[in-house]
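Written out below as structure tokens is the structure these notes cover.
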Amino acid sequence: MSELHAPSLATLRTAADDPVSYAQNWKDTHRRPVIGSFPMNFPSEIVHAAGALPVIVQESKTPITEGRSMLAEFYCGYTRSVADQAALGELDVFDGFVAADHCVQLLGAVDAIRYVRPEKPVHFAQFTSAMDDAWTKPRVDSRIGDLKTEIETVVGTAVTAEDLARSIGLFNANRRLLRRFYDLRRSGLIRITAGEMQLLVKSSMVMDIEEHTSVLETLLDRLVLRDQAPDDLVRLHLSGHFCHAPKPEILDVIEESGGLVVDDDLYTGYRYISTDVPESDDPLKALSTWYMQRNINAPCPTRVTSKVDWDTYLLNSLAESRSVGVVVLMAKFCEPHMLYYPELRKALEEHDVPSLLIETEHEGIPVETLRTKMETFIERIRRHSAPVPA
Amino acid sequence: MSIATPRDKTNRLSSTRVGGKMTADYWDNIFTAKERGKHVVWYNGSALNPIFQAAGLEWCHGEAFAARLAAQHLEEPAQAAGSEYGYIGELCSYARTHLGCAVLTQKNVNERESGVVGMLDQQELAAKLPAPDFFVNGYAGCSTGQQWDAMTYRVFDRKLPIFNVSIPMLWGNKPDAGYMRGEEWNEASTYVEGQLRELVKFLEQQTGRPFDWDALSESMSYIKKASRLRLDAMELCTLAPTPATYWDWVASIAPINFLPGNQALVDYFAGVKAEIQQRIVDGVSAVANERYRVYFDGIMNWNKLGFLTRKFAEYDVAVVAGRYTHESFWQEPQLIDVDNPLRGMGQHYLLCPLNHGLKNLQELLLKRLDQYSIDGIAFHSTRTCRAMTNPQSMLAKAAERERGVKSFVFEGDVADASFYNDELFDSRLEAMLEAIDVQRMKTMV
């Protein structure tokens, strides 16, 4: 039984489960364009400031059909799904598409959109991914400037500094609220399941931000806090899974096996809401500052840097949340994750933190096999008297 | 009853053996770099080697070494070391082979500060790389390439300096965008040129010596000459039957991609061109009974080179050109200003065939189909190389739609033989050749 306000949760679920219908309804109501973007570093504030609805395109639940002739089978589920949705016309609600990340598989999917929907504007604002160089921020400033111009052209509205500052304020407020839920979950004074937390974040990626904030405020108002955290469950951290949300049934099995997910670094999770945009005098430059800063707050394996490490960040997170085990969720064929995973494993082993790797696929994974693995993992932790890294 | 061995219908160039010897010598030299007190840079992606050459460094290209191991069927120890370290088999097989080498190298460095690693086990070529003093990455068009070196940096305990050249993709946002034209091209050229100037400063810091700009100009003058000779020789292969094939150009990748810019490089390509010219005079073809002219899209399976060379020829197919061989490796020498080479160098790095959006790739493919009178395309669906595989299905459709050119797809990989399936290859190639025959008959009617 969920401890969150059911009607509010249902509102978020409706949007998160079917973002395209939500976007179509919004478009019909507001008579304004809808712009599709892609993970993991797109500044939605610009689209909002132009008066359009920014929507991060989500993986569809349906099997890949037409998209099979667009991208090879060894692409991640998200990119194959995006190509499939485009080929089937399911993304036609969008008036344009914008991307900022340079993942080679993602670019293949976005190129597929250009191929099947040549009439749609598709803009690539490539944010430099090497983060330590003197020219990175000026370059990203420039890409964001181009992005703004492109969005203004597609939407037909000029974005003023005041518009953008207001949008930044709204998105920051939303992120702050979501982080409040994370704090409460870590404290143990409220049980928010991993599936529910995903719902809170995923819906923020696709909904009108003011409407979403309003629902979050209602949820917070209706919370009933416990006196103390339960001590019979194994506190877990979920790690990985970029771009798209892990399937809720996987999250359910993790918790049904005796785990209590208290933190994560998933993209459809804490990674997405980790960082606010500075509310400074120059809102455009603030967006590139946000881009740089979020890689420091939650280091990302798709960025290149020698100043911060995901493994160090993960160990610190475990200490803060008092998690005693890590479930690594890896989307099959996700190269950044495959590349970084050995470093995570090495760091966790060095600190004697139990971890379990679960590879996920668009087509799903056998849930009962997963349940056996998870139950064994939980049992292993219980016997292990796992220390929290210092 | 004895089974007759099929006649080998290939006729490879003999001049490329010189390139093979030059490349072997190059690697032997690399293996002793530390003994000679040289600074070693490990790099990936673009051909930054002329800059390293001018800086007095020894340079070790990760992809090239992975490809070499695979071509010699010696990749398994490195891949096993990578797998044991935790790299999953669906990861780029270049990266996982090279990272496996890094793991072995680092292990040996820790065990023995000998300079040359693998002293304990010299037969394992995978462990012979000299440990790097620093890393440079300049990977165009493939996000994995950049992250690969970020991980190599971590395998070496995050202690060695690393420099990243960020090469933006030629995506084609603007209406005027195209191959070597438009605002995007000019703007990206300036951006990369600026970073190369910063790279030179970084190298000066690492070596403690001022950069030798004259040496860079000199090496680029050789590369420019070699490139022109290579392109002239390729152009001669537009004749049918072709005097040399794609496989000869594959054999010439190492020299043009990472060997030193010097007179030997020029002599090598002069030799290749001369042999091809002589073949034309003598009426010698590269494939006996050439009946089909095929274009190869994808990076080759390095551990299947000889096998595929013979296989295509068995079917009277001359593979005459390919995306990797013909759209890479100093292929636009007119861009190089030997007195001020950095801009032209940066522009070549941008022109990597992985670094274009579909629009540019389609333009390039159609040009080559016309130039070489192509009948069919072999799309190597390169299992762990998403960058090369990205646009293939759309390119196949464009070739059929725009030129009526048939194609087939076969699975394989750059450095992992396990993804290749011979039965599927045969049936798909045969199906394409049959479709070409039917098309020809219809044309005759």
Side-chain angles (χ1 to χ4, degrees), chain A residues 68-76 79 99 101-112 114-116 122-126 128-136 139 142-143 146 150 301-306 309 311 330 332-333 335-346 357 359, chain B residues 82 85-92 95-96 99 103 137 141-151 153-155 158 160-166 168-169 171-173 187 191 194-195 198 354 357-359 361 381-387 389-394 396-398 409 411 419:
Chain A
R68 288 176 70 91
S69 67
M70 311 295 298
L71 294 179
E73 63 182 8
F74 43 81
Y75 278 61
C76 74
T79 51
D101 285 67
H102 78 145
C103 165
V104 64
Q105 297 182 51
L106 179 66
L107 289 181
V110 178
D111 232 354
R114 286 205 294 192
Y115 184 80
V116 294
V122 180
H123 183 81
F124 178 37
Q126 184 172 3
T128 304
S129 60
M131 308 300 278
D132 300 343
D133 300 316
W135 53 90
T136 302
R139 177 75 180 178
S142 153
R143 299 303 91 182
D146 289 349
E150 178 69 16
T302 65
R303 308 293 104 179
V304 170
T305 177
S306 53
D309 292 297
D311 40 338
M330 181 187 288
K332 193 166 184 180
F333 306 119
E335 291 212 288
H337 202 175
M338 286 192 281
L339 276 166
Y340 210 114
Y341 170 66
E343 300 305 312
L344 292 183
R345 192 178 74 157
K346 194 167 64 174
L357 172 66
E359 204 175 36
Chain B
Y85 192 75
Y87 298 113
I88 291 167
E90 295 289 352
L91 180 64
C92 166
R96 116 176 104 83
L99 282 161
V103 169
N137 184 278
C142 174
S143 51
T144 301
Q146 195 176 45
Q147 284 147 6
W148 158 7
D149 275 342
M151 290 308 111
Y153 161 79
R154 284 168 173 77
V155 168
R158 313 170 206 197
L160 301 176
I162 182 165
F163 187 96
N164 286 285
V165 183
S166 295
M169 190 176 219
W171 174 254
N173 278 324
E187 191 264 342
Y191 179 51
Q195 291 178 69
E198 296 298 325
L354 309 179
L358 178 60
K359 187 180 160 194
L361 288 173
S381 185
T382 320
R383 174 77 180 204
T384 68
C385 181
R386 282 87 184 169
T389 315
N390 250 346
Q392 286 182 326
S393 64
M394 294 170 277
K397 287 172 189 162
V409 175
E411 287 83 4
F419 291 115

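Just so you know, these numbers come straight off a predicted model, no measurement behind them.
Using a 4.5 Å heavy-atom cutoff, the side chains of B/Ile88 and A/Glu359 are in contact. Using a 4.5 Å heavy-atom threshold, the side chains of B/Tyr191 and A/Thr128 count as touching. A/Phe74 places a side-chain heavy atom less than 4.5 Å from the side chain of B/Ser381. A heavy-atom distance below 4.5 Å is not found between the side chains of A/Gln105 and B/Asn390.
When heavy atoms are compared at a cutoff of 4.5 Å, A/Val110 approaches chain B by way of both its backbone and its side chain. Proximity to chain A is limited to the side chain of B/Leu99, based on heavy atoms less than 4.5 angstrom apart. Residue contact with chain A, scored on non-hydrogen atoms closer than 4.5 Å, involves the backbone and the side chain of B/Pro168 alike. With a 4.5 angstrom heavy-atom cutoff, B/Ser166 touches chain A only via side-chain atoms. Contact annotation for A/Leu357: only side-chain heavy atoms (C-beta onward) come within less than 4.5 Å of a heavy atom of chain B. Proximity to chain B (any heavy atom under 4.5 Å) is restricted, for A/Arg143, to the side chain, taken from C-beta onward. Contact of A/Ala134 with chain B is not made at all, since no heavy-atom distance falls under 4.5 Å. For a residue to count as touching a neighbouring chain, one of its non-hydrogen atoms must lie under 4.5 Å from one of that chain's; by this rule B/Arg383 touches chain A with backbone and side chain alike.
For B/Asn173 (side chain) and A/His123 (main-chain N/O), no donor-acceptor pair under 3.5 Å exists by modelled atom type. With hydrogens and angles ignored, the 3.5 Å screen pairs a side-chain donor or acceptor of A/Gln126 with a backbone N or O of B/Met169. No donor-acceptor pair closer than 3.5 Å links the side chain of B/Ser393 to the backbone N or O of A/Leu71.
Salt-bridge annotation for A/Asp309 and B/Arg154: present, with a side-chain N of the basic residue lying under 4.0 Å from a carboxylate O of the acidic one.
Applying the side chain to side chain donor-acceptor pair (under 3.5 Å) criterion to B/Gln147, with sequence neighbours excluded, gives no partner residue. Scored by the ring pair (Phe, Tyr, Trp, His ring centres under 6.0 Å) test, B/Tyr87 finds B/Tyr85 as partners (sequence neighbours excluded).
Put simply, of B/Arg96, B/Gln392, B/Gln195, the one with the most heavy-atom pairs under 4.5 Å next to chain A is B/Gln195. Highest contact tally toward chain B, considering only A/Ser69, A/Ala72, A/Ser129, is held by A/Ser69 [criterion: heavy-atom pairs under 4.5 Å]. When the candidates A/Asp101, A/Thr79, A/Leu106, A/Asp311 are compared by the number of heavy-atom contacts under 4.5 Å with chain B, A/Asp311 comes out ahead. In terms of heavy-atom pairs under 4.5 Å with chain B, the best-connected choice from A/Arg345, A/Arg303, A/Arg139, A/Lys346 is A/Arg139. Between chain A and the options B/Glu411, B/Gln146, B/Lys397, B/Met394, heavy-atom pairs under 4.5 Å are most frequent for B/Met394.
Considering CZ of B/Phe163 and OG of A/Ser306, their distance stands at 12.0 Å, rounded to 0.5 Å. Going from atom CH2 of B/Trp171 over to atom CG of A/Asp111 covers 4.0 Å, rounded to the nearest 0.5 Å. Note: B/Thr389 OG1 to A/Glu73 CD = 11.0 Å, rounded to the nearest 0.5 Å.
The two residues A/Trp135 and B/Asn164 come nearest to each other via the heavy atoms CZ2-O, 4.0 Å.
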Item to check | Intermediate values then yes/no, salt bridge (charged side-chain N to carboxylate O under 4.0 Å, His left out), A/Glu335 and B/Arg386 | outcome: CA-CA 10 Å; A/Glu335 291 212 288; B/Arg386 282 87 184 169; 3.2 Å; yes
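Remark: the A/Thr305 side chain and the B/Tyr153 side chain contain no N/O donor-acceptor pair separated by less than 3.5 Å.
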